[in-house]
Structure formats: structure tokens, C-alpha cells
Amino acid sequence: MAKQTFTTGQILTAAQMTSLQQTAMGGGSTTAKTASYTLVATDAGTVVQMNSASATTITVNTGLFAAGDTVQIQNVGSGVCTVTAGTATVSTSATLALKQYDAGSLYFNSTSAAIFFAVDAADGMANVLTTTGDTIYSSSGTTAARLGIGSTGQVLTVASGIPSWATPSSGGSSFVGVKCTQSTNQSITNATTTVLTWDGEDFDTDAFHSTSSNTGRITIPSGKAGYYRILGLVSSDGSATGTRYLMVYKNGTSVAESILTPSTIFPSNTVSTVLNLAVADYVELRYNQSSGSTQPAYTNGVYGTFTAQFLGA
Amino acid sequence: MTLYEQIMAVYPELTAEDFDYRFGTIGLSDDSDGLGAYISKWNYSKPIPDGLKLGK
């Protein structure tokens with residue numbers, strides 16, 4: 001019911017009490033409008049419901065309402081209804097333009113100033129999910145759309161400005177690298193740092209190694225610059241004399257070394273490092289033994305290896 | 001005769017430590033390119049023996 005002024009001793013009727021309850025619950029007396037409208041004092045405490053297919057306005061003027069008065073405004077028509085400050089001021093953090101089924105509460109701080117608390121019908125997002133794994137994204141502005149789950153191994157990508165699932169073109173985590181092998185051991189002269197050579201490969205994904213030229217080198221091919229893990233292993237005959245060095249050389253300069261003081265037990269050197277390598281950079285394993293005489297370096301079979309594994313760009 | 005043996009024949013006072021890869025005064029290398037061993041470092045107090053040179 002519209003706002004009333006009660007007097008001492010007045011007895012409320014059942015109808016009045018019912019209307020008061022409705023008003024307290026946000027409902028109550030409703031005035032239907034089909035055209036632009038200017039609020040009047042008797043709208044205080046009521047619902048003004050606009051229903052027009054055309055754009056309309058509801059104008060708020062000063063001197064009609066007291067501080068604490070409220071007017072509920074609803075728009076059920078397809079035309080936009082705009083709450084408009086007439087001679088009063090109307091503040092809001094939301095829009096004053098109400099689309100169909102939008103609503104709001106006009107609360108008066110004073111006779112000349114009101115705040116409009118709007119409720120946008122689109123604020124609650126419709127549930128577009130249908131299947132386990134579905135994802136929600138915006139297909140346009142605030143319009144929610146469903147992206148169905150992709151297949152195993154697919155990755156989320158963007159095509160034409162919207163997300164989609166796609167199979168990685170390069171196969172994702174395919175291994176890149178080389179493991180060099182040697183069919184026979186290599187004779188190493190005493191106290192002479194010697195490049196170890198390799199006459200085969202267990203695998204070589206991108207022609208890192210040649211078995212016909214510069215066979216001691218692993219060379220970075222075009223398009224494969226990045227970080228590499230380098231592994232080296234070589235064994236030698238048992239001898240308690242001297243030392244055994246195994247080094248990784250990058251472009252002719254030592255970048256990692258291991259030293260072993262051997263015993264009469266079959267000694268093995270290992271060396272491992274991570275290098276940032278550019279295209280055409282090359283790495284080698286070099287070996288030095290000081291047993292006092294020429295000795296074999298066992299780079300063949302399980303006794304030796306020279307491996308490079310691409311870790312990433 | 002290896003390069004090591006040629007040098008030792010001239011300077012028999014040299015020891016294994018003089019040829020140590022990391023700490024020695026003399027470095028010998030072989031790039032496995034078919035050109036054989038060569039002197040890659042010479043910090044010994046005496047000159048490189050006749051007929052030998054630094055580098056390939």
C-alpha cells in the first residue's frame with residue numbers, strides 16, 4: 001500500500017495489514033504504467049511497473065518524498081525504461097536504464113536526492129553446462145557459452161578469438177636429442193687430451209651427429225637452439241697410476257670436467273652439465289689419461305656414451 | 001714415438017704432474033682429425049724442443 005500517515009488510536013484493518021506485509025516483503029500496491037511517467041507523492045511505498053514496447057522514462061522530482069521513502073520500479077515491457085532525474089538528483093553505481101525484467105529500488109535520502117539500487121536481470125548467469133568437463137567462456141560480451149571437453153592429449157588454444165581444444169601440431173612432448181655410440185674402443189696416448197669419436201647413434205632425432213665427418217661433435221641444427229643436458233661416460237683399464245679426466249667442450253673450450261684418481265678396478269668417468277646452445281654450436285667429449293702409457297678409452301657398448309637431450313628453448 | 005715421449009727424451013726431468021690436464025705446465029692435445037697430437041700449452045721454463053711447435 002502507499003505510504004500512510006497513521007494517527008493515535010487508529011485501528012488497522014485486515015486489508016491494511018496484508019498490504020503492509022506485502023510492502024515490507026518488497027511487493028505491495030502496484031501501479032501499472034504503459035507510457036512515460038513522473039512519480040507522485042502517493043507512489044512512496046509502492047511498486048511502479050512499466051510495461052511498454054517503446055522506450056519510456058520515469059522522472060523523479062524534488063519535494064514529493066521524505067527521507068527514507070522508497071519506490072520500487074520494475075520494467076516488464078520490451079522497451080527500455082530509464083529512471084530520469086527531473087528536479088531531484090538520482091545517484092546510482094549501476095545503470096538507470098532498465099531492460100525488460102530489470103528492476104530497482106529508489107531510496108530517498110532527502111526530499112531532493114535519491115539513490116537507485118538496480119537489479120539487472122542478466123546479472124545471474126544462465127547455466128550452459130551440460131557435460132562433465134564442460135567449460136564456460138564469453139562468446140560475446142556477457143553472453144556465456146559452453147565449450148565441451150576436448151579429447152585426451154588436446155590442449156586449450158585460441159582460434160578466431162575464442163577458446164577451443166586442439167591437438168598439438170608438433171606432437172607436444174616428442175623427444176629431441178641424440179645418443180652417440182662407438183663400435184670399438186679408442187686408443188688414448190698418455191697425457192694427451194683427445195677428442196672422443198663416435199661411429200654410430202642409438203638415436204638422432206635431428207641430425208645432431210655425423211658418422212662421416214667431425215664424428216666427435218654434436219652440433220646444434222637449425223631451429224633447435226636452446227638448453228641441452230649433456231651426458232658423458234667413458235671407462236678405462238684398471239691402473240692406479242695418474243689421473244683420468246673427462247671433459248665437455250663447447251666450441252673448443254672446456255665447460256665441464258670430471259677427474260678420477262683410478263684404482264686397479266675398471267674406472268669410469270662421468271660428466272653431466274646443462275648448456276645453452278645456439279644453432280651451429282658444437283660440443284665434444286675429450287679424455288685425458290696419465291697412466292704412463294697408451295691406454296684404451298672404452299666408449300663402446302655399455303662403457304661409454306655421449307648424449308645430448310634438448311630441454312627447451 | 002709419441003709426442004709425449006719426444007718431449008720426455010729432451011727433458012727427462014719432467015714428471016707426470018708437468019703434463020697434468022688441469023695443473024700441468026705442458027698440454028698435449030689430439031683433435032682426432034687425423035693430424036695427430038700437438039702441443040696445446042707450453043708454460044715450461046725451458047723452450048719447446050727443436051722440431052716441435054705450439055699448435056697444429
Side-chain angles (χ1 to χ4, degrees), chain A residues 180 182 184-199 209-217 234 239-249 251-262 269 271 282-295 297 299 306, chain B:
Chain A
C180 301
Q182 176 64 30
T184 60
N185 60 49
Q186 184 172 346
S187 185
I188 307 296
T189 304
N190 178 60
T192 303
T193 301
T194 304
V195 174
L196 299 178
T197 58
W198 312 88
D199 61 6
H209 179 253
S210 168
T211 57
S212 59
S213 65
N214 292 320
T215 59
R217 295 183 182 182
V234 65
S239 169
T241 303
T243 54
R244 310 288 182 271
Y245 286 98
L246 180 64
M247 297 76 73
V248 174
Y249 272 63
N251 299 331
T253 301
S254 178
V255 291
E257 302 176 1
S258 75
I259 182 172
L260 182 67
T261 302
N269 282 75
V271 64
Y282 66 93
V283 291
E284 301 164 308
L285 283 185
R286 299 192 187 193
Y287 186 66
N288 182 295
Q289 61 88 14
S290 54
S291 66
S293 62
T294 296
Q295 269 203 344
T299 51
F306 184 26
Chain B
M1 180 179 284
T2 67
L3 181 58
Y4 170 79
E5 291 167 341
Q6 292 178 60
I7 295 171
M8 287 298 290
V10 177
Y11 300 119
E13 71 275 17
L14 290 170
T15 66
E17 285 70 29
D18 290 308
F19 291 89
D20 183 80
Y21 167 76
R22 187 176 293 170
F23 304 108
T25 57
I26 298 171
L28 307 180
S29 295
D30 186 335
D31 293 342
S32 297
D33 54 5
L35 301 178
Y38 61 94
I39 299 172
S40 52
K41 178 175 69 174
W42 188 271
N43 292 327
Y44 188 49
S45 57
K46 296 179 180 178
I48 295 175
D50 292 342
L52 302 180
K53 63 176 182 176
L54 183 65
K56 285 197 276 191

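The chains referred to below are lettered A, B, ... by the order of the sequence lines, with proteins before strands, and numbering in each begins at 1. Worth knowing before you read on, the calculation uses all heavy atoms, side chains too, and leaves out hydrogens, waters and symmetry mates. Small disclaimer: the values here were computed from a predicted structure and weren't measured.
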For B/T2, is it the side chain, the backbone, both or neither that has a heavy atom under 4.5 Å from a heavy atom of chain A? side chain
Are the side chain of B/S32 and the backbone N or O of A/V195 linked by a donor-acceptor pair below 3.5 Å? yes
Drop me the distance from B/E5's CD to A/T189's OG1, to the nearest 0.5 angstrom. 8.5 Å
With a 4.5 angstrom heavy-atom cut-off, which part of B/D33 approaches chain A: side chain, backbone, both or neither? neither
So what's closer than 4.5 Å to chain B heavy atoms on A/N190: side chain, backbone, both or neither? both
Residue B/Y21 versus chain A: region with a heavy atom under 4.5 Å: both
Counting only non-hydrogen atoms closer than 4.5 Å, does A/Y287 touch chain B with its backbone (N, CA, C, O), its side chain (CB onward), both, or neither? neither
Rounded to the nearest 0.5 Å, the CG atom of B/D30 sits from the OG atom of A/S187 at a distance of 10.0 Å
Heavy-atom pairs under 4.5 Å with chain B: which of A/T241, A/T215, A/T243, A/N288 has the most? A/N288
Does any heavy atom of chain B fall under 4.5 Å from the side chain of A/Q186, the backbone, both, or neither of them? side chain
What is the distance from atom CZ of B/R22 to atom OG1 of A/T193, rounded to the nearest 0.5 Å? 11.5 Å
